[in-house]
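First the structure, in the form of structure tokens, and then the observations on it.
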Amino acid sequence: MKQLRDALRDMLVRLREREAEIRYAASHDEVTKLGNRNALMQSVQALFDHGDACTLIGLRLNELADVNDTLGLEFGDSVLQGIARRLQSELPDAQLIARTGGGEFLALIPARHPDQVDTLARHLLDVIQSPLQINNSPFSIRATMVTMELPNDATSTNELRRRLNLTFERAEDQPEPVTRYRPGQDESHLRELQLTADLHSAIINGGLHMNYQPKLSTRTGELVQVEALVRWIHPELGFVSPEEFIFLAEQSGQIHNLTAHILERVAEDARAWAGQGINAGVAINLSAMDLTWPELTDHLTRAFANWHQGMERITLEVTESALMKDPEEAMATLNRLRALGMTLSVDDFGTGYSSLSQLRKLPVQELKIDKSFVLNLDTEPQDQLIVKSTIDMAHGLGLKVVAEGIENLAAWELLQQWRCDLAQGFYLSRPVAPDQLVETAQTLASRRQNLTQHLLEDHS
Ligand code: C2E
Ligand code: MG
Ligand code: MG
């Protein structure tokens, strides 16, 4: 009987021990004996539940994977253990120190003033990066350090995780040794993620449309061409600027799909307005990345197979900075586009630090002066000087000149006087939907006399 009781008691003890082991393993990191991700998340949740404040310090060992690969896992483990010991001795008042991933450590310490946190974190980083003694040799490893204030910077564990990752990402391209979470950064990142995901379906499901902005001859006041400008009204977020989503399309590998889609839409719209008696050329913007896209010429040829006018009445606008990124590659593409007979224009001229002599070597026919030089043309003598001399020099090189951003009569008249070839701007017309183009063309025709009056007076 006693034997049975002893056996049962032993079993119970072993069971408790086993249970304790399991519980320990569930909340601890095997290698460093620090807390693990679970433990950290539980502590943070408890903090949020009680409304307590605390500071979180995050550390990532940037080269741990390389160390494991080249020096072996055992060596890597020794590094982790060394770092863990340092964290424990440097942060005696920490509520929890945890290893939460391969080379990632997080510590929760009592809330402090941001300046104190920064000083502490910098010191900690110095200690972490100073050489460790491993197998009797000194070894040091580089680390990234970030800090967050809870609950100011995050109010749920999900939010914390996301914002922490973003801060680590940002820390990688920062010269500062310690990076603090910047409020608002996450929201803009979320917006980017959403827009990037939704852009794909907008392209496929016809969520994008084109607007067209007239360009007038400054000499005759006639509507000569329209510039195609892409528009996206997002179902939840509303108007999204093309600059924003074109950048995201470039970042996410969707730019060629987008350009191909735009080319088709423009060709289709152009057929429709030609049928309504509008006799205008069209200008299309290309992204810098389109210049290195081998299928660009095929898409252009296909989209404009039934173009009703001379090919030179299709203008492709490429920004100056895109051309200057890799002038040789740009040259090859421009030559292929030129071979299609289309007109090539340098958009946003004046913002990309190129010289006219560099541009002269490229097979372009037109310069489009950036609106930043034109918006205040009537009041800024320096802009006047730049615009006038650019027009003169470009003409000297046999290039046509377009000015964008004409917002008032004074700017329009100056450009007429300086013999700029084409002008585009809100004063003449805003970009309009394709079905408004006929009405816009009629309005412009009725303003034509007024718009050219100044010239008639000059020449009389
Ligand atoms: P951009 O090619 O330089 O286009 C001219 C921009 O100036 C347009 O802005 C137009 O609405 C604006 N603008 C025209 N006149 C005035 C004016 O008098 N005052 C002011 N303040 N602004 C004026 P938008 O449509 O927002 O386009 C911005 C940029 O996005 C474009 O600059 C172009 O770089 C890019 N973009 C637009 N559509 C496309 C497209 O279909 N494909 C590509 N790759 N880029 C596009
Ligand atoms: Mg443009
Ligand atoms: Mg521009």
Query raised in the report: Taking all non-hydrogen atoms of both residues, which atom of Gly76 and which atom of Leu64 are closest, and how far apart?
Result: O-CD1, 4.2 Å

Query raised in the report: For the atom pair CD (Glu407) and OH (Tyr427), what is the distance rounded to the nearest 0.5 Å?
Result: 12.5 Å

Requested in this report: Looking only at non-hydrogen atoms, find the nearest pair between Asp383 and Ser372 and report the distance.
Outcome: OD2-O, 4.0 Å

Query - Ionic contact status for Asp153 with Arg180, cut-off 4.0 Å - result: yes

Query raised in the report: Does the side chain of Glu366 come under 3.5 Å of the side chain of Ser345 through a donor N or O and an acceptor N or O?
Result: yes

Report task. Hey, could you give me the CZ/CG distance between Phe105 and Leu61, rounded to the nearest 0.5 Å? Result -> 5.5 Å

Requested in this report: Using only heavy-atom distances, determine whether the side chains of Thr259 and Asp290 contain a donor-acceptor pair under 3.5 Å.
Outcome: yes

Side-chain donor-acceptor contacts of residues 225-232 below 3.5 Å, not counting sequence neighbours, with atom names and distances?
{"unit_1": "Gln225", "atom_1": "OE1", "unit_2": "Lys215", "atom_2": "NZ", "d": "2.7"}
{"unit_1": "Gln225", "atom_1": "NE2", "unit_2": "Thr315", "atom_2": "OG1", "d": "2.7"}
{"unit_1": "Glu227", "atom_1": "OE1", "unit_2": "Lys368", "atom_2": "NZ", "d": "2.7"}
{"unit_1": "Glu227", "atom_1": "OE1", "unit_2": "Gln424", "atom_2": "NE2", "d": "2.7"}
{"unit_1": "Glu227", "atom_1": "OE2", "unit_2": "Asn285", "atom_2": "ND2", "d": "2.8"}

**Report entry** For Ser321, side-chain contact (heavy atoms from CB on, under 4.5 Å) partners two or more places apart
**Finding:** Thr319

**Report entry** Gln213 and Glu404: side chain donor to acceptor below 3.5 Å
**Finding:** no

Query raised in the report: How long is the span from the OG1 atom in Thr343 to the CZ atom in Arg338, to the nearest 0.5 Å?
Result: 6.0 Å

Requested in this report: State plainly whether the residues Arg37 and Glu104 are in salt-bridge range, i.e. N to O under 4.0 Å.
Outcome: no

Query raised in the report: Heavy atoms, side chains only, cut-off 4.5 Å: are Leu87 and Val127 in contact?
Result: no

Query raised in the report: Under 3.5 Å, side chain of Arg271 to main-chain N/O of Ala274, donor-acceptor pair present?
Result: no

Requested in this report: Without swapping roles, check the side chain of Glu317 against the backbone of Leu344 for a donor-acceptor pair under 3.5 Å.
Outcome: no

Query - Least distance between heavy atoms, Phe239 atom then Pro242 atom - result: CZ-CD, 4.3 Å

Query raised in the report: Do Met145 and Leu124 come close enough that some side-chain heavy atom pair is under 4.5 Å?
Result: yes

Report summary line: When every non-hydrogen atom of Gln309 is compared with those of Ala280, the smallest separation belongs to NE2-O, 2.9 Å

Query raised in the report: Tell me, do Leu216 and Leu422 make a side-chain contact under 4.5 Å, heavy atoms counted?
Result: no

Report task. Would you indicate whether the side-chain heavy atoms of Asn408 and Leu377 approach each other to under 4.5 Å? Result -> no

Query raised in the report: Do the side chains of Leu415 and Val401 get nearer than 4.5 Å, heavy atoms only?
Result: no

Report task. Kindly indicate, with the supporting measurements, whether the criterion side-chain hydrogen bond (donor to acceptor under 3.5 Å, both in side chains) is fulfilled by Asn165 and Arg170. Result -> CA-CA 9 Å; Asn165 283 340; Arg170 192 160 62 87; over 6 Å; no

**Report entry** Residues Thr220, Ser217; criterion side-chain hydrogen bond (donor to acceptor under 3.5 Å, both in side chains); working and verdict
**Finding:** CA-CA 6 Å; Thr220 66; Ser217 154; 3.1 Å; yes

**Report entry** side-chain hydrogen bond (donor to acceptor under 3.5 Å, both in side chains) partners for His261, two or more places apart
**Finding:** none

Query raised in the report: Any luck finding a side-chain donor-acceptor pair between Asp421 and His395 under 3.5 Å?
Result: yes

**Report entry** Test item: Arg265 side-chain N/O and Leu208 main-chain N/O as donor-acceptor pair under 3.5 Å
**Finding:** yes

Report task. Establish, from distance only, whether the side-chain atoms of Asn158 and Arg162 form a donor-acceptor pair under 3.5 Å. Result -> no

Report task. Could you check if a side-chain atom of Val146 sits within less than 4.5 angstrom of a side-chain atom of Tyr181, using non-hydrogen atoms only? Result -> no

Query raised in the report: Going by atom types only, do Gln116 and Arg112 share a side-chain donor-acceptor pair under 3.5 Å?
Result: no

**Report entry** Main-chain N/O of Arg219 paired to Arg419 side chain as donor or acceptor, under 3.5 Å
**Finding:** no

Query raised in the report: How long is the gap from CZ on Phe247 to CG on Leu195, to the nearest 0.5 Å?
Result: 12.0 Å

Requested in this report: Output yes when Arg122 and Asp126 qualify as a salt bridge under the 4.0 Å nitrogen-oxygen rule, no when they do not.
Outcome: no

Query raised in the report: Between Ala98 and Asn36, which heavy-atom pair has the shortest distance, and what is it?
Result: CB-O, 3.7 Å

Query raised in the report: Under 3.5 Å, is there a donor-acceptor pair between the Ser287 and Glu250 side chains?
Result: yes

Query raised in the report: Can you tell me if Asn205 uses its side chain to pair, donor with acceptor, with the backbone of Ser201 under 3.5 Å?
Result: yes

Query raised in the report: Got a donor-acceptor contact below 3.5 angstrom from the Glu329 side chain to the Pro327 backbone?
Result: no

**Report entry** Verdict with supporting geometry, Gln194 and Glu236, side-chain hydrogen bond (donor to acceptor under 3.5 Å, both in side chains)
**Finding:** CA-CA 10 Å; Gln194 186 180 0; Glu236 286 155 41; 3.0 Å; yes

Query raised in the report: With the threshold set at 4.0 Å, does a side-chain nitrogen-carboxylate oxygen contact exist between Asp298 and Arg302?
Result: no

Query - Presence of salt bridge, Asp186 and Arg163, under 4.0 angstrom - result: yes

Query raised in the report: Does any donor atom in the side chain of Glu159 or Thr155 lie under 3.5 Å from an acceptor atom in the other side chain?
Result: yes

Report task. Apply side-chain hydrogen bond (donor to acceptor under 3.5 Å, both in side chains) to Lys371 and list each qualifying residue two or more places apart in sequence or on a separate chain. Result -> none

Query - Short side-chain donor-acceptor distance under 3.5 Å, Gln436 and Thr440 - result: no

Query raised in the report: If we only count heavy atoms from C-beta on, is the Leu337 to Leu296 side-chain gap below 4.5 Å?
Result: yes

Report task. Check for a donor-acceptor pair, side chain of Arg360 on one end and backbone N or O of Ala394 on the other, with a separation under 3.5 Å. Result -> no

**Report entry** Working for side-chain hydrogen bond (donor to acceptor under 3.5 Å, both in side chains), residues Ser140 and Gln129
**Finding:** CA-CA 6 Å; Ser140 45; Gln129 294 188 135; over 6 Å; no

Query raised in the report: To the nearest 0.5 Å, what is the distance between CG (Leu199) and OG (Ser252)?
Result: 6.5 Å

**Report entry** Donor-acceptor contact below 3.5 Å, side chain Thr443 vs main chain Glu439
**Finding:** yes

Query raised in the report: Take atom NE2 in His234; do more than 12 heavy atoms of anything else shown fall under 6.0 Å from it?
Result: yes

Query raised in the report: Any donor-acceptor pair under 3.5 Å linking the side chain of Trp412 with the backbone of Leu451?
Result: yes

Query - Residue list, side-chain hydrogen bond (donor to acceptor under 3.5 Å, both in side chains) with Glu264, at least two apart or on another chain - result: none

**Report entry** Heavy-atom side-chain contact between Leu367 and Val402 under 4.5 Å
**Finding:** no

**Report entry** Listed partners of Gln45 passing side-chain hydrogen bond (donor to acceptor under 3.5 Å, both in side chains), at least two apart
**Finding:** Asp49

**Report entry** Straight-line distance of Arg191 CZ to Leu248 CG, nearest 0.5 Å
**Finding:** 9.0 Å

Requested in this report: Look only at the side chain of Trp418 and the backbone of Cys420, and say whether a donor-acceptor pair between them is shorter than 3.5 Å.
Outcome: no

